[in-house]
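To keep things clear, I will list the structure first and then write my remarks on it.
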Amino acid sequence: MPQEHKSITATRDERYDAQRIEQKWAERWQSDPSLYAAEPNSTKPKYYVLEMLPYPSGALHMGHVRNYSIGDALARYMWMNGYNVLHPMGWDSFGLPAENAAIKNNTPPKEWTLSNIAAMKVQMNRLGFAYDWSREVTTCLPEYYRWNQWFFLKLYEQGLAYRKKSKVNWCPKCCTVLANEQVVGGNCWRHEDTPVEQRELEQWFLRTTKYADELLRGLETLPGWPDKVRIMQQNWIGRSEGTLVDFDLGGTVGPAGSTITVFTTRVDTIYGATSVQLAPEHPIVSDMIARDAGLRTKVEELIAEQRRAKEAGDIGEIEKHGVFTGRYAKNPYNGEAVPVWVANYILMDYGTGAIMSVPAHDERDYEFAKKYKLEIRLVILPASSDPEETVAEPQLPFTTMDGILVNSGEFSGLSCEEAIEKMSALAEEKKFGKATVTFRLKDWGISRQRYWGTPIPMVYCEKDGVVPVAEKDLPVILPEKVTVTLAGGSPLQGVPEFLNTTCPKCGGPARRETDTMDTFVDSSWYFYRYADARNDKAPFDTKTIAYWFPIDQYIGGVEHAILHLIYSRFWTKFMRDMGLVNNDEPAQRLFTQGMVIKDGAKMSKNLGNVVSPDEMVARYGADAARLYSLFAAPPDRDLDWQDTGIEGIQRFLGRVYRFFVRNANPDHPEWRKPVPAELSSEARAIQRKLHQTIKRVSDDFQGRWHFNTCIAAIMELLNEVYGAEEAIASGRVPVSLIAEVQRGIVLLLAPMAPYLAHELWEMIGERGNLLKAPWPKYDAALAAEDEIEIPVQINGKLRSKVVVPAAATEDQVKQSALADEKVKAAIAGKQVVKNVYVPKKLLNIVVR
RNA sequence: GCCGGGAUGGCGGAAUUGGCAGACGCGCUGGUCUUAGGAGCCAGUGCCCAAAAGGCGUGCAGGUUCAAGUCCUGUUCCCGGCACCA
């Protein structure tokens with residue numbers, strides 16, 4: 001036996017040299033920039049596959065390799081299936097790290113960024129990703145960011161961009177404000193150990209809340225998005241239906257008026273309201289403390305407590321404190337005057353910053369009332385199926401909606417749901433309130449007190465106030481000679497030639513806005529620019545967008561589930577309303593790949609478990625690195641990187657290579673002949689496995705995207721032909737079949753290991769472009785088994801297996817089973833109660 | 001607290017619809033070729049038992065079913081998101 005396999009022993013010539021092969025093809029591919037270009041006027045169906053663009057930090061990490069390997073496999077697969085594929089790449093190249101590098105190394109941010117881009121582009125090309133670089137987008141260049149400014153002007157015209165003074169999140173490390181979405185558990189999203197401070201600043205906001213409802217409803221039109229992401233966005237938008245109710249204070253307190261409007265989702269419990277609770281920062285509280293020094297001290301304490309809790313990220317666990325203001329407010333439903341309190345658990349930025357407190361039917365109010373000995377009044381009793389039955393007093397607080405109103409005047413006896421409807425209607429009728437909808441989603445604060453970003457195209461004129469820059473004067477160029485520091489305000493304030501300008505309206509002296517835009521503005525629409533990347537008249541041409549959009553498949557990390565993906569959806573809706581695009585949503589399908597981890601933890605410099613893509617490519621080759629990142633786990637799950645795992649993949653690629661070296665014979669007269677219908681059983685087994693493999697790989701590409709099982713299937717096929725090597729060597733397998741198998745392997749491997757696939761394609765004498773070679777089709781008849789093995793269970797336990805022809809009937813299977821020695825022994829002396837036969841799957845004999 | 005996701009050999013993972021648990025790969029063991037093997041090739045490898053026969057096995061406890069990793073009830077732990085949201 002060992003002798004027979006002598007020929008499989010590797011010789012020097014058969015060695016798989018990834019570096020040699022990959023260098024050769026990388027050169028060829030780069031010499032033809034049109035290779036991966038999308039066709040402008042194509043009759044083919046379009047397919048837009050997009051991976052999230054990287055921040056040019058200087059080097060790709062394994063998460064990028066994984067993300068882009070998935071996208072590239074899909075793009076290549078779609079090319080092979082005859083689609084006109086758009087597969088672009090770009091650089092999310094504004095942002096703080098460039099400024100930090102500038103401070104540290106005294107390198108201008110632009111220089112640092114562009115050299116990083118150049119380096120990462122080399123990495124991407126070395127990995128063999130098939131991008132249409134003619135559409136490359138670099139967000140930090142004026143050709144791109146001028147359109148950010150243009151969009152800003154459009155938003156401003158429509159009242160969707162506005163300036164307001166408000167409490168904002170401030171990261172002391174970034175020295176800039178952050179959007180709500182960029183605050184993670186009270187900390188900065190980039191500095192996970194840095195608590196965000198609250199500062200009062202005048203800032204530019206985009207009115208994302210205008211689309212709150214549509215952003216929420218739109219999620220239902222996105223079945224191609226992961227449930228997880230949709231649920232996260234749903235929670236983030238936080239729609240809540242409720243009622244606004246005015247409580248009259250009886251006499252004006254100050255500029256904020258004499259009415260406290262509360263928001264409640266449970267107006268049905270209002271007869272149980274025994275106090276009104278105000279957020280410490282409520283304007284009416286400001287009025288009250290203006291005339292009451294004692295109250296002021298206490299309220300300031302509450303504000304401080306609230307601020308501390310917010311900054312520590314545990315506002316949810318704040319110990320409830322409050323203070324009675326000495327005032328009373330009238331409940332418009334029953335005319336009762338209830339005490340007005342200020343409490344540290346009431347948030348100014350949700351609802352109206354004021355609530356009615358119903359201790360009997362709300363956990364928080366209950367806790368507060370217990371502490372301050374406020375009245376607890378039961379107004380809802382649990383619903384009983386039997387109206388005659390006297391209901392026991394429920395355990396307090398009783399918060400479910402499953403109840404009946406009591407002690408609630410004319411509304412007593414109604415169910416909670418009925419009551420909410422009728423009571424809201426009454427409020428509206430009597431003009432002391434109305435049904436309303438509140439959202440958790442806030443407007444997007446986009447001002448950043450940083451240098452390396454898009455200048456906001458506004459000027460401040462002493463005479464005309466806030467004036468937008470004229471469209472024709474765009475772009476407002478970001479100056480390059482700037483001293484970047486991380487102290488006090490935007491570095492642009494220190495650049496007089498930028499700062500000082502003239503008013504677009506009156507021509508008089510004016511000052512430019514020195515804040516720059518959040519970099520999430522850049523990434524909110526970059527994928528539209530790809531479709532028409534060199535347009536200098538408009539951000540893009542609407543007709544071109546209509547052809548390419550929506551994106552067919554977007555692929556990226558789940559960490560963007562809220563931030564980038566909600567802003568992008570907002571931007572699409574605003575552009576649609578402008579008439580710039582026709583689609584309601586940017587991407588039809590979204591795929592979020594799992595993280596790459598090592599030794600059970602996220603890769604990080606601190607842990608020293610970082611795997612470098614460059615090192616992997618140098619040691620194992622790009623194909624191995626790509627294939628392993630597809631093989632080690634299904635793409636939606638986290639991937640545990642194992643160095644021995646990639647070695648296994650490299651071994652597999654070597655086995656493939658050697659099989660081809662030994663058996664490729666394109667000059668053989670039979671190489672291109674059809675495979676004969678009559679085959680030896682050995683040859684037939686290979687043919688069957690080939691067709692089964694084509695089916696399995698195709699199914700996975702179409703459906704679940706479990707590339708790990710695709711690759712496993714190809715490995716099985718290879719193992720099959722290795723097992724038949726002796727039959728091949730001695731001519732019992734027709735050359736035409738070997739040719740078919742080799743063509744099949746190359747085609748199946750082409751999307752995932754393009755370098756080796758191209759090399760082998762050439763080796764087997766193919767001259768056509770593999771990138772667009774048709775994806776192989778399987779023949780169901782050839783994939784079908786002639787004989788199948790049927791497991792035989794006795795009472796549900798596996799006892800034997802019988803081999804029967806694939807077409808065997810139930811009776812035939814039973815007969816062979818009953819003839820089987822093991823089965824006979826197992827049922828000897830017992831009575832067969834019944835047989836369960838699952839065609840082609842299993843036979844279970846139930847005995848007693 | 002609420003909302004997702006997960007738990008399968010020594011490891012990564014497979015089992016797409018309730019039908020042979022552990023495909024494929026890693027690791028390990030043995031063999032072979034070799035001056036050598038850290039290359040290649042072949043074989044074995046869930047656990048228990050000396051082996052066979054057999055038994056046990058998909059976080060845990062129950063249940064449904066001829067049949068459960070898969071369905072139902074309860075429960076533990078891990079990961080992610082949200083969190084006095086009124």
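We name chains A, B, ... by the order of the sequence lines, and we start the count at 1 in each one. From a predicted model like this one, the values you see are computed outputs, not experimental measurements.
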Practice problem: Look at all strands and tell whether A:Asn719 reaches a base, only sugar-phosphate, or nothing, counting heavy atoms closer than 4.0 Å. | Solution: sugar-phosphate
Self-check item: Whole-Å gap separating C1' (B:rG4) and NZ (A:Lys228)
Solution: 7 Å
Quiz item: Whole-Å distance between B:rG5 C1' and A:Phe591 CZ?
Solution: 14 Å
Quiz item: Would you say A:Asn708 reaches B:rA14's phosphate, i.e. side-chain N/O to OP1/OP2 under 4.0 Å?
Solution: yes
Quiz item: Can A:Thr243 and A:Ser424 be counted as having a side-chain donor-acceptor contact under 3.5 angstrom?
Solution: yes
Practice problem: Write down the distance separating the C1' atoms in B:rG81 and B:rG27, rounded off to the nearest Å. | Solution: 36 Å
Quiz item: For atom P, what is the distance between B:rA43 and B:rC48, given to the nearest Å?
Solution: 25 Å
Self-check item: Identified pairing partner of B:rA39, criterion: Watson-Crick or G-U wobble below 3.5 Å
Solution: none
Practice problem: Kindly compute the distance separating CD1 (A:Ile376) from NE2 (A:His361), expressed to the nearest 0.5 Å. | Solution: 10.5 Å
Practice problem: Report the distance from atom CD of A:Glu363 to atom C1' of B:rA83, rounded to the nearest whole Å. | Solution: 13 Å
Practice problem: Give none if B:rA67 has no partner; otherwise give the nucleotide forming a Watson-Crick or G-U wobble pair with it, both distances under 3.5 Å. | Solution: none
Quiz item: What about A:Tyr620 and A:Tyr628, are their ring centers closer than 6.0 Å?
Solution: no
Quiz item: Of all the choices, B:rC24, B:rA86, B:rG13, which nucleotide is nearest to the side chain of A:Pro634 once you look at every atom?
Solution: B:rG13
Quiz prompt | A:Arg696 and A:Asp700 ion-paired at < 4.0 Å | solution = no
Exercise. Give a yes/no on whether any side-chain N or O of A:Arg704 is located under 4.0 angstrom from OP1 or OP2 of B:rA15.
Key: yes
Self-check item: Residue-phosphate contact under 4.0 Å: A:Thr265 side-chain N/O, B:rC85 OP1/OP2
Solution: no
Practice problem: Tell me whether the guanidinium CZ or amine NZ of A:Arg364 lies under 6.0 angstrom from the six-membered ring centre of A:Tyr345 and within 45° of its axis. | Solution: no
Quiz item: Quantified in whole Å, what is the C1' atom distance between nucleotide B:rG10 and nucleotide B:rU64?
Solution: 35 Å
Exercise. May I ask you to evaluate whether A:Asn235 reaches the phosphate of B:rC85, defined as a side-chain N or O under 4.0 Å from OP1 or OP2?
Key: no
Quiz prompt | Mate of B:rC26 where both pairing distances stay under 3.5 Å, Watson-Crick or G-U | solution = B:rG10
Practice problem: Grab the CZ-C1' distance between A:Phe631 and B:rC24 for me, whole Å please. | Solution: 5 Å
Practice problem: Identify whether the distance between the nearest side-chain nitrogen and carboxylate oxygen of A:Lys814 and A:Glu810 falls below 4.0 Å. | Solution: yes
Self-check item: Residue of the set A:Val833, A:Asn795, A:Val832 for which side chain to side chain contact (heavy atoms under 4.5 Å, CB included) holds with A:Arg848
Solution: A:Val833
Quiz item: When rounded to the nearest Å, what value does the distance between P atoms of B:rC60 and B:rG54 take?
Solution: 25 Å
Quiz item: Of the candidate nucleotides B:rC85, B:rC41, B:rA15, which contains the atom at the shortest distance from the side chain of A:Thr709?
Solution: B:rA15
Quiz item: Between A:Arg655 and B:rC42, does any side-chain N or O lie under 4.0 Å from OP1 or OP2?
Solution: yes
Quiz item: Rounded to whole angstroms, how far apart are NZ on A:Lys598 and P on B:rC11?
Solution: 17 Å
Quiz item: Distance check: side-chain N/O of A:Arg637 vs OP1/OP2 of B:rC79, anything under 4.0 Å?
Solution: no
Quiz prompt | Any A:Arg658 side-chain nitrogen or oxygen under 4.0 Å from OP1 or OP2 of B:rC41 | solution = yes
Quiz item: Does A:Arg440 place a side-chain N or O at less than 4.0 Å from the phosphate oxygens OP1/OP2 of B:rA83?
Solution: yes
Quiz item: For A:Asp365 and B:rC85, what is the distance between atoms CG and P respectively, to the nearest whole Å?
Solution: 10 Å
Quiz item: Does B:rA68 have OP1 or OP2 sitting under 4.0 Å from an N or O in the side chain of A:Lys797?
Solution: no
Quiz item: When you check the glycosidic angle of B:rG62, does it come out syn, meaning within 90° of 0, or anti?
Solution: anti
Self-check item: B:rU45 versus B:rA23 - spacing of their C1' atoms, nearest Å
Solution: 15 Å
Exercise. Report the distance from atom CZ of A:Arg619 to atom P of B:rG38, rounded to the nearest whole Å.
Key: 18 Å
Quiz item: Can you check the A:Leu798 CG to B:rA53 C1' distance for me, whole Å?
Solution: 15 Å
Quiz item: What is the pairing partner of B:rG1, taking Watson-Crick or G-U wobble pairs with both distances under 3.5 Å in any strand?
Solution: B:rC82
Quiz prompt | Selected nucleotide, minimal atom distance to A:Gln793 side chain, candidates B:rC82, B:rG25, B:rG19 | solution = B:rG19
Quiz prompt | Watson-Crick/G-U partner (both atom distances under 3.5 Å) of B:rU75 | solution = B:rG59
